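Values in this document were obtained by computation on a predicted structure and should not be read as measured data.
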Amino acid sequence: MCELVEELKPEVVSFHFGLPDQALLRRVKAAGCIVISSATIVREAIWLEENAPTPLSRRARKPAAIAACS
């Protein structure tokens, strides 16, 4: 699959439901792709911040629509 990303060079590649392997992340970044991902626990968020997928978005515990109605 990474070969396809390297060939097509999409503008953005996203990883969800698990963190990418370091080697895979390096290859995707080397292809010039912006990397985005999501974290469901603090450990994942720290890993993502240290490995610099950009942009890093932080969300509150409640989705905005629920928080606005609370």
Side-chain angles (χ1 to χ4, degrees):
M1 179 69 98
C2 192
E3 292 83 10
L4 187 59
V5 169
E6 290 170 318
E7 179 184 333
L8 298 176
K9 299 182 187 322
E11 192 171 328
V12 177
V13 173
S14 63
F15 294 96
H16 300 280
F17 306 109
L19 302 173
D21 179 74
Q22 281 284 356
L24 174 61
L25 186 60
R26 279 192 299 273
R27 287 174 67 186
V28 170
K29 286 181 172 183
C33 305
I34 294 172
V35 177
I36 61 173
S37 190
S38 62
T40 56
I41 59 174
V42 172
R43 179 181 49 82
E44 289 177 345
I46 292 168
W47 189 94
L48 289 171
E49 190 166 36
E50 289 173 350
N51 291 282
T54 31
L56 181 61
S57 175
R58 293 173 178 84
R59 269 184 59 181
R61 291 182 184 256
K62 295 180 184 179
I66 294 172
C69 297
S70 296

Any chance you could measure [X], atom [atom1], to [Y], atom [atom2], to the nearest 0.5 Å?
X: Glu3; Y: Leu8; atom1: CD; atom2: CG; answer: 11.5 Å
X: Glu7; Y: Lys9; atom1: CD; atom2: NZ; answer: 9.0 Å
X: Cys2; Y: Leu25; atom1: SG; atom2: CG; answer: 10.0 Å
X: Ile46; Y: Ile41; atom1: CD1; atom2: CD1; answer: 9.5 Å

Closest non-hydrogen atoms of Val5 and Ala31, given as atom of the first, atom of the second and distance, are O-CB, 4.4 Å

Heavy-atom pair of closest approach, residues Cys33 and Pro10: SG-O, 3.1 Å

Under the side chain to side chain contact (heavy atoms under 4.5 Å, CB included) test against Lys29, which residue among Val35, Leu24, Val13, Ile34 passes? Val35

Do Arg26 and Gln22 have side chains that approach each other closer than 4.5 Å (heavy atoms only, starting at C-beta)? yes

Treating Ser37 as the side-chain partner and Phe15 as the backbone partner, does any N or O pair qualify as donor plus acceptor under 3.5 Å? yes

